[in-house]
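Everything on this sheet refers to the single structure shown next.
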Amino acid sequence: MTLQQTQTDAACLVRPYGDTLDDGVVQFSFTLPLPHDELACEAARAVGEAMGLHEVSVSCSRDLGQGFSFFVLYGKMTTSVDVSRLTVNKAEFETMKKEAVDRFIQEHFGRKLVFVGACIETDAHTVGIDAIMNMKGYNGHKGLESYHEIQAVNLGAQVGSDEFVAKALELNADALLVSQIVTQKNVHLANLTRLVDMLEAEGVRDKLVLVVGGPRISHELAKELGYDAGFGPNTYAEDVASFVVQEMKRRERS
Amino acid sequence: MTQLIIDQALVDKARGSAQNIARQVKQAVDGMTTVTIERASLRLLGIDGVDAQGAPMVNIVVEHLLAQDLLGQGAVTPVVAAMERRGMTAQEVASAVACGALVLTKPDGNREAIKNKALQLAGEACRKISANRRQREEMIQRLGKGSAPQLYLIVATGNIYEDIKQATAAAHQGADIIAVIRTTGQSLLDYVPYGATTEGFGGTYATQENFRLMRRALDAAGEAVGRYIYLTNYCSGLCMPEIAVMGALERLDMMLNDSMYGIIFRDINMRRTFLDQFFSRRVNAYAGIIINTGEDNYLTTADAYEQAHTVLASQLINEQFALMSGLKAERIGLGHAFEINPDSEDGFLWEIAHAQLIRQVFPQAPLKYMPPTKYMTGNIFKGQVQNTLFNAASVMTGQTIHLLGMMTEAIHTPLLQDRYLALENARYVFHTMRHLADEIEFKPTGRIQARANEVLAQTVQMLAEIEQIGLMEAIRRKMFAEISRQPDGGKGVAGVINKNDDYYNPFPDLMQGGASDDTATNSN
């Protein structure tokens, strides 16, 4: 079956591209808990076939010791995905530059907005929240501390949800920024849920814009957990600030 | 190896300032002790275990003494007095206190006799630690060890038994040093968990039993591969002295142990941290443990180029604190990192300048070089290249302890194959570039030399300023990692106790002078 034959009016079928359209080439690697021998290589190939791939070839195999072997493989996909049927759940906002965010705040709110951020609960890794909040920012994108119309308070690492909520109330926060870097065994899910529960118990959830960021955070996951938005990798301060101010404006209207 | 031209007078000036800075701090905290120093001392007397609720016996005894306002004289004498009075072991005293059968009191009677008894018991503990030290020396003599840069790998499954599998595999693949990362959050626990553990997040609980299990596994791996495998853990957080004691008793070889990290990155009270680091370093010195300091962390928070001098300044301070505690220069593993933005032009030159400068300022130190983390992305292919450049910088500048970069750094804790690929990369680069630095010279008027001069000059200036205002004020003013901490704030402040005139603790004096000279990891 060729691509043309399966295509309906609106369908947009794609498969991976190696060097020719629709060749379906994929490259992947994994470890098997098998001692390194010919049988292990055959097992690796079979894994590729079990994934639905054709023309599976093992381009590299290495002995990792202790009864483990590592493989690099190539294979070809013969099925396709229909892009027209896919939707992406992402926060709806337009990223504005720092100056535009400051202007937006002046025009629409006429006061400084208060953003409070933290790595909550057990998470000790401040790299994410620092990149968004600290003056310096990240990769040439200035952090929220540098915004004239934002009072940015970075509480740092291992801040308990109770402490975070108390600080938010004390500072009369407009937005809470939560960072979760460590996600091993899904510890972030429990941490994030705990914070939302606490905000709801205090009756302040709706008064705040609540966002979460981290390398394994998607907008979809954030919404599911009761957050207003989730930000993954390649997010800068202006993205977060733009979302927050636009969300606040939207809430004022509704 | 190729050398930069370093103005030794400037280095001496910086070092002199650092010495004064460390002395000022020592003076400021000399009249105090902490709950964890006292708990560590009780552990050395032989108190271990937990009650039915999981509370460590040493915590119960120290809380008991605190409640009666007796901790100011130290935990050792009341416990030893009770041992003498009742004919009990230290552990039996603790159990009796825990179940309410015994109330510890201010020792009456012959105070000198109690002190002598305490000294005798402390001597026994010290002999156990000395025996571990000798065993390490003997094993290194017999098996040898990895050549510098030694390959340092992390395991972090949360389950000590999985950690053991991964660590053993890593040793077989070429790792020289295994570090077991602690579960996130342990640094802020004011007690040390107990027993073998299988549940941790982003790492595994540091417990004495976990130390013992991993030591046994790495000894076996070392015998199998014909190379002593170093074991590393985290002597940091609110229980720094206790972890030092546990590591000394279970023959760990390296400890992450910084004089300021807890203050800056964990918001632990300053006095608490300074006191705890003095005691823990005394223990580490006695046990022949190599410490690793944490300056690399400054560069993940602040900019690695602009803040390079803060790393050198902090290393000089860390060095003075360590020397004061009895650590020898060849056991002070000062940390730094390869964290300059990969998009910056000539960034690799600046990395070389920084790493070579530090190498020459601390010629005997087993420098610990940390891989890129801040600018690692989900692009694992570029990540492998970033790590390759890091490996090249390390071998060219003669670094000693080389933490392997993982191409999946920004994604997840390392998979088995990630470690393999990292080891393969490092071994290839070290091998193929082994003597490159012997064959080339830094241009005296070149960019690298100029950058090193600049960083050294900034360091001298920064330390002179800190010498004027004091270290605690410098931290308050965000001079390290752009983070501010208040001298009276932070976690664990309630655990700082004023010593009474009759305070007694036999261990610091007994352990003074550190370990006898043995085979340390050394670049020379």
Side-chain angles (χ1 to χ4, degrees), chain A residues 27 29-33 36 60-72 118-131 133-140 143 145 154-160 163 180-191 214-216 232-234, chain B residues 156-159 165-174 182-188 199-203 221 224-225 237 264-267 297 300-303 306-307 341 343 373-380 409-413 415-421 423-424 481-483 485 491:
Chain A
Q27 168 205 57
S29 62
F30 55 80
T31 298
L32 288 179
H36 185 243
C60 163
S61 71
R62 291 286 183 272
D63 184 0
L64 300 193
Q66 305 295 293
F68 289 98
S69 304
F70 172 63
F71 304 93
V72 180
C119 298
I120 58 165
E121 303 293 343
T122 48
D123 202 332
H125 300 74
T126 59
V127 52
I129 198 76
D130 288 347
M133 298 199 82
N134 288 4
M135 184 70 75
K136 174 100 193 151
Y138 182 74
N139 219 4
E145 275 181 357
N154 182 355
L155 300 179
Q158 294 183 325
V159 178
E163 190 186 340
Q180 289 283 276
I181 304 286
V182 174
T183 54
Q184 197 183 28
K185 295 180 188 161
N186 287 330
V187 65
H188 61 303
L189 300 182
N191 289 348
R216 311 289 282 168
N234 304 315
Chain B
T157 69
N159 178 331
K165 278 186 216 163
Q166 301 219 356
T168 304
H172 281 269
Q173 287 159 17
R182 290 201 301 191
T183 180
T184 182
Q186 185 171 358
S187 57
L188 295 185
E199 285 288 325
F201 301 105
V225 301
I264 295 169
F265 295 98
R266 293 291 177 268
D267 195 15
N297 293 285
T300 57
T301 306
D303 184 82
E306 289 167 16
Q307 300 298 316
N341 188 336
D343 292 337
T373 58
K374 188 179 181 179
Y375 292 98
M376 292 294 280
T377 66
N379 182 350
I380 56 173
E409 167 70 33
I411 309 171
H412 46 59
T413 49
L415 305 183
L416 195 63
Q417 66 209 40
D418 298 337
R419 283 198 199 88
Y420 169 81
L421 293 166
L423 279 161
E424 184 183 55
E482 297 172 358
I483 293 170
R485 299 297 183 200
K491 298 166 176 115

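Keep in mind that what you see is a predicted model, and the values were worked out from it rather than measured. Labels below follow one simple rule: chain letters A, B, ... track the order of the sequence lines, proteins then strands, and each chain is numbered from 1.
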What is the minimum heavy-atom distance between [X] and [Y], and which atoms define it?
X: A/I181; Y: A/G128; result: CD1-N, 4.0 Å
X: B/D418; Y: B/H412; result: OD2-CE1, 3.3 Å
X: B/G378; Y: B/A410; result: N-CB, 4.3 Å
X: A/Y138; Y: A/A131; result: CB-CB, 3.6 Å
X: B/Y420; Y: B/Q173; result: CA-OE1, 3.6 Å

B/T157 side chain near B/T413 side chain, heavy-atom distance below 4.5 Å:
no
Is any side-chain heavy atom of A/Q180 closer than 4.5 Å to one of A/N191?
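When only atoms from C-beta onward are counted, A/Q180 and A/N191 do touch, with a gap below 4.5 Å.
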Pairs of heavy atoms under 4.5 Å with chain A: top-ranked of [options]:
options: B/L415, B/D267, B/D303, B/I483; value: B/D303
options: B/L421, B/L423, B/T373; value: B/L421
options: B/K491, B/E482, B/E306; value: B/E306

Chain B: which of A/E121, A/R62, A/R216 shares the most heavy-atom pairs with it under 4.5 Å?
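It is A/R62.
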Please classify the contact between [X] and chain B as side chain, backbone, both or neither, with a heavy-atom cut-off of under 4.5 Å.
X: A/S29; result: both
X: A/P233; result: neither
X: A/D63; result: backbone

Give, for atom CD of B/E409 and atom NZ of B/K374, the distance between the pair rounded to the nearest 0.5 Å.
13.5 Å
Per-residue contact mode, [X] against chain A (heavy atom under 4.5 angstrom):
X: B/T377; result: neither
X: B/A169; result: both
X: B/R266; result: side chain
X: B/D343; result: side chain
X: B/Q417; result: both
X: B/I411; result: both

Assign the ring pair A/F71 / A/F30 to parallel, tilted or perpendicular, where the plane angle (0 to 90°) is split at 30° and 60°.
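Ring orientation, 0 to 90° scale: tilted.
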